[in-house]
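Values below: every heavy atom of this structure, side chains too, minus hydrogens, waters and symmetry copies. Treat the numbers as computed from the prediction; the structure is a model and nothing was measured.
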Amino acid sequence: MQERDIYEVLIAEDEAPARELITEYLLTRPELRLAGIVRSGDEALRELSSREYDLVFMDVHLPRMSGIEVIERLSR
């Protein structure tokens, strides 16, 4: 698989079982590379503001800031 065929993925999830389930799925997909995991809305906003991801698994109910608020506050 060529590098351009690999998608960088961020998981934004505060609950460990959900993070583990998503991570297990990602490990079965050679075209997806887990590039980051965050556990709160403010961490998600900081991470998404500093780096580009191709795909984000965003929990709606994150601590300190909801997933919807994160998306609304992104500048891009």
Side-chain angles (χ1 to χ4, degrees):
M1 184 170 288
Q2 297 177 9
E3 184 66 31
R4 69 176 181 269
D5 296 329
I6 298 176
Y7 298 95
E8 301 278 315
V9 179
L10 173 69
I11 297 173
E13 173 59 65
D14 60 319
E15 297 182 21
R19 279 194 312 269
E20 291 167 9
L21 182 65
I22 297 167
T23 299
E24 287 175 18
Y25 172 74
L26 293 175
L27 294 174
T28 69
R29 307 300 311 181
E31 70 276 14
L32 302 176
R33 181 171 66 168
L34 180 56
I37 298 175
V38 295
R39 293 169 176 81
S40 68
D42 55 345
E43 288 177 10
L45 181 60
R46 191 169 40 253
E47 186 66 22
L48 290 168
S49 296
S50 67
R51 179 176 176 191
E52 288 191 23
Y53 291 88
D54 300 302
L55 178 64
V56 179
F57 288 88
M58 176 82 68
D59 184 2
V60 174
H61 301 288
L62 290 168
R64 294 188 285 281
M65 185 184 317
S66 75
I68 301 298
E69 289 174 307
V70 171
I71 299 302
E72 290 175 341
R73 292 183 186 194
L74 283 175
S75 61
R76 52 180 162 78

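Applying the side-chain hydrogen bond (donor to acceptor under 3.5 Å, both in side chains) test to Tyr25 and every residue at least two apart in sequence or in another chain returns nothing. With sequence neighbours excluded, the residues forming a side chain to side chain contact (heavy atoms under 4.5 Å, CB included) with Leu48 are Leu10, Tyr53, Val56, Met58, Val70, Leu74, listed by chain and number. Checked against salt bridge (charged side-chain N to carboxylate O under 4.0 Å, His left out), Arg51 has the following partners two or more places apart in sequence or in another chain: Glu8.
Hydrophobic clustering (ILVMFWY, side-chain heavy atoms < 4.5 Å, transitive): Ile37 and Tyr7 are in one cluster. At a threshold of 4.5 Å between side-chain heavy atoms, the hydrophobic network of Ile, Leu, Val, Met, Phe, Trp and Tyr places Ile71 and Val60 in two separate groups. Ile68 is not connected to Leu62 by any chain of hydrophobic side-chain contacts under 4.5 Å among Ile, Leu, Val, Met, Phe, Trp and Tyr, and they are in different clusters.
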* Determine, step by step, whether Val9 and Ile22 satisfy the side chain to side chain contact (heavy atoms under 4.5 Å, CB included) criterion, reporting the C-alpha distance in whole Å, the side-chain angles of both residues, the deciding distance to 0.1 Å, and the verdict. => CA-CA 11 Å; Val9 179; Ile22 297 167; 5.9 Å; no
Could you go through residues 39-46 and list every donor-acceptor pair under 3.5 Å that involves a side-chain atom there, pairing it with any protein atom two or more places apart or in another chain?
unit_1 : atom_1 : unit_2 : atom_2 : d
Ser40  : OG     : Asp42  : OD1    : 2.4
Ser40  : OG     : Glu43  : N      : 3.3
Ser40  : OG     : Arg64  : NH2    : 3.2
Asp42  : OD1    : Arg64  : NE     : 3.2
Asp42  : OD2    : Arg64  : NE     : 3.2
Glu43  : OE1    : Arg39  : N      : 2.8

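Taking a 4.5 Å side-chain heavy-atom cut-off between Ile, Leu, Val, Met, Phe, Trp and Tyr, the cluster of Leu27 contains only that residue.
At least one side-chain heavy atom of Leu26 sits less than 4.5 Å from a side-chain heavy atom of Ile11.
Contacts classified as side-chain hydrogen bond (donor to acceptor under 3.5 Å, both in side chains) and involving residues 11-20 (residues at least two apart or in different chains) are not found.
To the nearest 0.5 Å, atom CG of residue Leu32 and atom CG of residue Asp5 are 11.5 Å apart. We find the CZ-OG1 distance between Phe57 and Thr23 to be 9.5 Å, quoted to the nearest 0.5 Å.
Taking each heavy atom of Arg29 and Glu31 in turn, the nearest pair found is NH2-OE2, 2.7 Å.
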